[in-house]
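Just so it is clear: chains get the letters A, B, ... in the order the sequence lines come, proteins before strands, and each one is counted from 1.
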Number of protein chains: 4
Amino acid sequence: METATNKRKDILEAGLMLFAERGYDATTIPMIASKANVGAGTIYRYFVNKETLMNQLFREYVTLFLETLRTGYPNEGTCRQQFSHIFNSMVRFTLDNEHALYFIKTHNRPRVLDEESVALYQELLDFTRDYFEAGKKTGEIRKMPANALIAIVFGAFIQLHQLVREGAVDETPQLLRDYEESCWDAVRAH
Amino acid sequence: METATNKRKDILEAGLMLFAERGYDATTIPMIASKANVGAGTIYRYFVNKETLMNQLFREYVTLFLETLRTGYPNEGTCRQQFSHIFNSMVRFTLDNEHALYFIKTHNRPRVLDEESVALYQELLDFTRDYFEAGKKTGEIRKMPANALIAIVFGAFIQLHQLVREGAVDETPQLLRDYEESCWDAVRAH
Amino acid sequence: METATNKRKDILEAGLMLFAERGYDATTIPMIASKANVGAGTIYRYFVNKETLMNQLFREYVTLFLETLRTGYPNEGTCRQQFSHIFNSMVRFTLDNEHALYFIKTHNRPRVLDEESVALYQELLDFTRDYFEAGKKTGEIRKMPANALIAIVFGAFIQLHQLVREGAVDETPQLLRDYEESCWDAVRAH
Amino acid sequence: METATNKRKDILEAGLMLFAERGYDATTIPMIASKANVGAGTIYRYFVNKETLMNQLFREYVTLFLETLRTGYPNEGTCRQQFSHIFNSMVRFTLDNEHALYFIKTHNRPRVLDEESVALYQELLDFTRDYFEAGKKTGEIRKMPANALIAIVFGAFIQLHQLVREGAVDETPQLLRDYEESCWDAVRAH
DNA sequence: AATGAATGAGCCTTCATTCAT
DNA sequence: AATGAATGAAGGCTCATTCAT
């Protein structure tokens, strides 16, 4: 059937939105149920508990983002081209999944995340870290801790996305190009 | 006497640490009391309730950070010198107040923050925004939304601080210089 | 179904009994829950909070008592006949609702009662007051403040009911007749 | 010294007023301390605990009321004269001690009252009961449970006092005479 | 499979009581 | 003797989770 799948998806989407907007602890199961148009008990048919739902959600989107990053990654391209791919992945991913990147960025620390989720997140970090480390080796990327470089790029992007959602700025192609250029300047060696 | 003042300080410090590490909602009053070596009821001698404690804390540190930023700000200096002052303010402030900047960065949105706190935070944003807007006018700062520029500088710095605390990198003067340079390149016009 | 209705009723009945016996402040939610054979949280499915439960209860029984008073009230009867109806209403009402009249008598002052409840209680007072005022006009009722007359009749009745429950006296029809006669003599003009 | 005695009196008076107005459970020690212009801890210098304070208070005023009743009681007078004495005792006692009679009437049941207090209250009841029983024997008092008769007289009086305090009626000597007459008619045999 | 009523653990908060000053 | 800061037990209430329907 497709109904069951839809319920699961509804729950995940409601969870994503609420976790992103209010944080894990301030989000209640009834809230998720209500937003998903589902009985509270139904959530427990698809997820063991709130923590599991959260982890499932986290993994679902980290996986998806990883796929987005990996799909069409120009292994043989230049450092700049690879950066462009990464940046565009964020754009595309966010277009398809409104709150996902923000959710990932604000919920990537243990306490609720289980080992598997942490490991998966590591994978995401590693992918980006590898890129930066390689770039540092060739001298094209600035000599800074990779984590910090990652934070700059992700953090800036998420902040921009927020401004767009608030209506503070218009998300024109030009803005995105500027933004990419800016981030690139932020991490590239000078 | 000093005893009374100390209790209040103990509570604030415990709150700061826990709010920073676990977030507002995941931090319980008993946790704060325990970490402050204080009875749970004692907290209510100094603060109306959890929300008030949080706001008091927030304002205390935003005010302190604002003072740090304003003290010795080179109004007549170059854009670069002013940037340097801002960056060094973050360094000094974080040295004196471990978790404060991270706490501010992760708790600056309403829902628990009252109007006064939000207004105070605006003041902090405005200070930095003014700097960036002025820089954009003279063509020294990149044409990007000020909020995003702020996010880059703050976000990167906090991320670095975290790496330092985790022991992932050593906070050498050289690292800080590199970092400042990097952040500067991230926001300056090219 | 009937189950849901029963839970609500169980809670109301437990609340009535406890409020009557111990007073509002000395009655705890766990007490009510326990006496109603219900989880503490269940009470909050049916009532917003303790105060609301109290008000609901109060209104439920004041309404019921008002109905009892109004049903079959001999508008065209003599002053004495009307008095008889009022007295018998108390008897019948107390027979059906053990603690209700005592609860009403001991909880009719603000601080926990909301406006609606106070207004409803006024209605009850007004009904009886109207009776006494009319009687005073025709010279059949003693020239005393209606409130005091009401207190005499209600107060005496409740006291009697208490003696009956304690087993101190037997509630024979004869006793009730005597009692009614006594109350009548207490308020009628001489 | 006299200071100590005064503090004790201040506390008792504050307690009386608050217990009468809010009831025992809704009255807090800080409230009493504040109204008595005394530190909260001071209360524990004069009374073992809240319960003891309450009992002390209760006994103090029941004793005082008993004295008022007994002083000048016309043992050899007529039933009517004795009634008059009882009624006037209430008037005088209430004049000297605003809330005392109401406090006694609303707090005469166990749960907070200790044995000694209950016994003392019994004494008060017995005094009045004896009067009524004697009257019933001589046929001058109505054949009703003494408790109920007591309730009528006390209840009516307290209700009247309340109306006076609320300003709903003026406490003229005439009103008091009428009231006494009414109460007398309420209990006397016809 | 889906629901939502029911539960009770645990949180925030109050307040009787203690105790250092 | 007097104070009021400090405490922690206990109450009102929420919410993750279960379970009968």
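- Here the two rings, on D:H107 and D:F103, have centers that are under 6.0 Å apart.
- Residues C:N37 and C:D10 are not in side-chain contact: their nearest non-hydrogen atoms beyond the backbone lie 4.5 Å or more apart.
- Counted by atom type alone, B:T52 and B:N55 present zero donor-acceptor pairs between their side chains at under 3.5 Å.
- Within the 4.0 Å cut-off from OP1 or OP2 of E:dA2, at least one side-chain nitrogen or oxygen of A:Y46 is found.
- A cation-pi geometry, defined here as NZ or CZ lying under 6.0 Å from the six-membered ring centre and within 45° of its normal, does not hold between C:K9 and C:Y46.
- Taking atom CD1 of residue B:I11 and atom C1' of nucleotide F:dA6, one finds them 10 Å apart after rounding to whole Å.
- Put simply, CG on C:D10 is 16 Å from P on E:dA5, counting in whole angstrom units.
- Across C:A100 and C:Y61, no two heavy atoms sit closer than the pair CB-CD2, 3.6 Å.
- The pair D:R111-C:E21 fails the salt-bridge criterion, with no side-chain N (NZ, NE, NH1 or NH2) lying under 4.0 Å from an Asp/Glu carboxylate O.
- The interatomic distance linking D:L53 (CG) with E:dA16 (P) rounds to 11 Å, in whole Å.
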(Q) I'd like to compare against my own output: the B/S/- annotation of nucleotides 7-12 of chain F with a strict under-4.0 Å heavy-atom distance to protein. (A) BB--SS
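- Looking at B:K35, its side chain never comes within 3.5 Å of a backbone N or O of B:E13 through a donor-acceptor pair.
- Spacing between atom CD1 of A:I32 and atom C1' of F:dC15 amounts to 12 Å, rounded to whole angstrom units.
- Taking atom CZ of residue D:F47 and atom P of nucleotide E:dT18, one finds them 15 Å apart after rounding to whole Å.
- For CD of B:E115, the number of neighbouring non-hydrogen atoms (other residues, nucleotides, ligands) closer than 6.0 Å is 12 at most.
- Consecutive Watson-Crick or G-U pairing (both distances under 3.5 Å) extending over three or more pairs maps onto DNA chain F as E:2-21 with F:2-21.
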